[in-house]
Colleague: 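Please see the structure below; I have some questions.
We count residues from 1, following the sequence as given. FYI, side chains are in, hydrogens and waters are out, and symmetry mates aren't considered; it's all heavy atoms of this structure.
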Amino acid sequence: MLTYDDIKKNEAIKTYILKADESLIALGYTEHSFAHVTKVAETAAYVLSTLGYPEREIELAKIAAYLHDIGNLINRIDHAQSGAVMAFRILDKMGFSADEIATVCTAIGNHDEGTAVPVNAISAALILADKSDVRRTRVRNENITGFDIHDRVNYSVTTSSLTYSEEKRSFVLDMTIENEYCSVMDYFEIFLERMVLCRKAAEKLGVGFRLIINEQRLV
């Protein structure tokens, strides 16, 4: 049975991730390379394992997470759908079953907030993991005076964690923001839609979602 480790070792996949991120570098986007997809895979696994999902579903969530941004190789616009089509060909060629290919491609095709719907547990876990990866190290622009709003928001986040609260029956995204670089309003200007999507993803998993910024609950 093919695994997440098999995906990570695949040289073609490594190339697609690298080249997709090169396109985003040219467009001025934050980091979408191996650090991002690995963190998203680990967080998606945490989400499902915390809720007691079967090991194979957790493995498929990690695979979907690792592949979720390869569509940027083609174009940033509709990259979720492009990535799903690319993943179909990759996984089919590797010998994955039709059922597992369908599950992974559905998750990838439904991760971008413009068109996403958490249609199953794996897509929900991918959404939560992807949208919660906000951190200073994703910023590649070394000129602070030239930061756009995405740079400012990510650079302002000094700590960020997604954890599950048994007491509240919710996943909690807890962040510390330095207001010197970004206001809470700046965060909501670009992330409100993502946070609403996270809430819907959590609901699909039968739990809640909370956003805490600088010790204040906002969602």
Colleague: What are the two closest non-hydrogen atoms of Ala64 and Ile108, and how far apart are they?
Modeller: O-CG1, 3.7 Å
Colleague: Determine, step by step, whether Phe147 and Tyr181 satisfy the ring pair (Phe, Tyr, Trp, His ring centres under 6.0 Å) criterion, reporting the C-alpha distance in whole Å, the side-chain angles of both residues, the deciding distance to 0.1 Å, and the verdict.
Modeller: CA-CA 9 Å; Phe147 279 0; Tyr181 302 105; 7.2 Å; no
Colleague: Can Arg194 be said to sit on top of Phe191's aromatic six-ring, NZ or CZ under 6.0 Å from centre and within 45° of the ring axis?
Modeller: yes
Colleague: Of all the heavy-atom pairs spanning Cys182 and Ile177, show the shortest one and how long it is.
Modeller: O-CG2, 3.6 Å
Colleague: Taking a hydrophobic cluster as the set of Ile, Leu, Val, Met, Phe, Trp and Tyr residues connected by side-chain heavy atoms closer than 4.5 Å, whether directly or through intermediates, do Leu197 and Leu128 fall within one such cluster?
Modeller: no
Colleague: Looking only at heavy atoms, what is the nearest atom pair of Ala124 and Leu205, with distance?
Modeller: CB-CG, 3.8 Å
Colleague: Check the pair Asn75, Ser82 against side chain to side chain contact (heavy atoms under 4.5 Å, CB included), reporting the backbone distance first and the verdict last.
Modeller: CA-CA 8 Å; Asn75 200 293; Ser82 300; 5.9 Å; no
Colleague: Would you find a donor on one side and an acceptor on the other, under 3.5 Å apart, between the side chain of Gln81 and the backbone of Gly109?
Modeller: yes
Colleague: Please tell me if the side chains of Leu2 and Leu91 come closer than 4.5 Å, counting only heavy atoms from C-beta onward.
Modeller: no
Colleague: Applying a strict under-4.5 Å side-chain criterion to I, L, V, M, F, W and Y, I'd like to know whether Val119 and Leu60 cluster together.
Modeller: no
Colleague: List the atom of Ala201, the atom of Ile127, and the distance in Å for their closest heavy-atom pair.
Modeller: CB-CG2, 3.9 Å
Colleague: Supply the atom-to-atom distance Asp112 CG to Ile77 CD1, rounded to the nearest 0.5 angstrom.
Modeller: 11.0 Å
Colleague: State yes or no: do Phe188 and Val157 share one hydrophobic cluster built from I, L, V, M, F, W and Y residues joined by side-chain heavy-atom distances below 4.5 Å, directly or via other members?
Modeller: yes
Colleague: When the ring centroid of Phe171 is compared with that of Phe209, is the distance short of 6.0 Å?
Modeller: no
Colleague: Is the backbone N or O of Pro118 less than 3.5 Å from a side-chain atom of Asn110, with the two atoms forming a donor-acceptor pair by type?
Modeller: no
Colleague: Distance check, rounded to the nearest 0.5 Å: Met94 atom CE versus Ile63 atom CD1?
Modeller: 8.0 Å
Colleague: Hey, could you give me the CZ/OG distance between Arg152 and Ser183, rounded to the nearest 0.5 Å?
Modeller: 8.0 Å
Colleague: Out of curiosity, does Leu162 fall in the hydrophobic cluster containing Leu126 (side-chain heavy atoms, cut-off under 4.5 Å, transitive links)?
Modeller: no
Colleague: Between Leu24 and Glu22, is any pair of side-chain heavy atoms under 4.5 Å apart?
Modeller: no
Colleague: Would you confirm whether Thr38, through its side chain, and Ala35, through its main-chain N or O, come within 3.5 Å as a donor-acceptor pair?
Modeller: no
Colleague: Tell me whether Val139 shares a hydrophobic cluster with Ile190, the cluster being built from Ile, Leu, Val, Met, Phe, Trp, Tyr side chains joined at under 4.5 Å.
Modeller: no
Colleague: I'd like to know if the side chain of Asp6 and the backbone of Thr3 have a donor-acceptor N/O pair within less than 3.5 Å.
Modeller: yes
Colleague: Do Glu31 and Ile25 touch side chain to side chain, with heavy atoms closer than 4.5 Å?
Modeller: no
Colleague: With ILVMFWY side chains joined below 4.5 Å, transitively, what does Val85's cluster contain besides itself?
Modeller: none
Colleague: If you define the side chain from C-beta out and look only at heavy atoms, does anything of His111 sit under 4.5 Å from Asp69?
Modeller: yes
Colleague: For the residue pair Tyr4 and Tyr66, categorise the inter-ring angle as parallel (less than 30°), tilted (30 to 60°) or perpendicular (more than 60°).
Modeller: perpendicular
Colleague: Nearest 0.5 angstrom please: Tyr46 OH to Thr50 OG1, how far?
Modeller: 4.0 Å
Colleague: Once you round to the nearest 0.5 Å, how far does CG of Leu73 lie from CD1 of Ile17?
Modeller: 11.0 Å
Colleague: Does the side-chain hydrogen bond (donor to acceptor under 3.5 Å, both in side chains) test come out yes or no for Ser97 and Asp99, once each step is laid out?
Modeller: CA-CA 5 Å; Ser97 70; Asp99 181 69; 5.2 Å; no
Colleague: Before accepting this row, confirm whether a basic side-chain N of the pair Asp133/Arg135 lies closer than 4.0 Å to the acidic partner's carboxylate O.
Modeller: yes
Colleague: If you count heavy atoms of other groups shown closer than 6.0 angstrom to CZ of Arg89, is the number above 12?
Modeller: no
Colleague: Which is it for Asp186 and Ile149 under the side chain to side chain contact (heavy atoms under 4.5 Å, CB included) test, yes or no, and what are the steps along the way?
Modeller: CA-CA 7 Å; Asp186 283 338; Ile149 190 170; 4.3 Å; yes
Colleague: Applying side chain to side chain donor-acceptor pair (under 3.5 Å), which residue pairs with at least one partner in residues 159-170 are found, sequence neighbours left out?
Modeller: Thr159-Thr176, Tyr164-Arg169
Colleague: In plain terms, say whether Glu11 and Lys14 are close enough for a salt bridge, that is, a side-chain N and a carboxylate O under 4.0 Å apart.
Modeller: yes
Colleague: From Ile144 CD1 over to Glu180 CD, what is the distance, rounded to the nearest 0.5 angstrom?
Modeller: 7.5 Å
Colleague: Hey, is Lys39 close enough to Glu42 for a salt bridge, meaning N to O under 4.0 Å?
Modeller: no
Colleague: Does any non-hydrogen side-chain atom of Arg56 lie less than 4.5 Å from one of Glu100?
Modeller: yes
Colleague: On a heavy-atom basis, which atom in Ala44 and which in Ala65 lie closest, and how many Å separate them?
Modeller: CB-CB, 4.5 Å
Colleague: What are the two closest non-hydrogen atoms of Asn179 and Val184, and how far apart are they?
Modeller: OD1-N, 4.5 Å
Colleague: Hey, does Ile212 have a side-chain heavy atom less than 4.5 Å from the side chain of Leu173?
Modeller: no
Colleague: Hey, does Leu211 have a side-chain heavy atom less than 4.5 Å from the side chain of Met195?
Modeller: yes
Colleague: Salt bridge between Glu193 and Lys131, side-chain N to carboxylate O under 4.0 Å?
Modeller: no
Colleague: Mind checking whether Asn72 and Ser23 have side chains closer than 4.5 Å, heavy atoms only?
Modeller: no
Colleague: Evaluate His68 against His79 for ring pair (Phe, Tyr, Trp, His ring centres under 6.0 Å), listing each step before the verdict.
Modeller: CA-CA 9 Å; His68 80 279; His79 75 279; 7.8 Å; no
Colleague: Applying the side-chain hydrogen bond (donor to acceptor under 3.5 Å, both in side chains) test to His36, which of Asp130, Thr30, Asp21 qualifies?
Modeller: Asp130
Colleague: Would you confirm whether Arg136, through its side chain, and Ser156, through its main-chain N or O, come within 3.5 Å as a donor-acceptor pair?
Modeller: no
Colleague: Please lay out, stage by stage, how Tyr16 and Met86 fare under the test side chain to side chain contact (heavy atoms under 4.5 Å, CB included).
Modeller: CA-CA 10 Å; Tyr16 299 150; Met86 289 177 66; 4.2 Å; yes
Colleague: Under the criterion side chain to side chain contact (heavy atoms under 4.5 Å, CB included), I'd like the reasoning laid out for Val104 against Phe96: C-alpha separation, chi angles, the key distance, then a yes or no.
Modeller: CA-CA 10 Å; Val104 170; Phe96 279 79; over 6 Å; no
Colleague: Would you find more than 12 non-hydrogen atoms of other residues, nucleotides or ligands less than 6.0 Å from Phe88 atom CZ?
Modeller: no
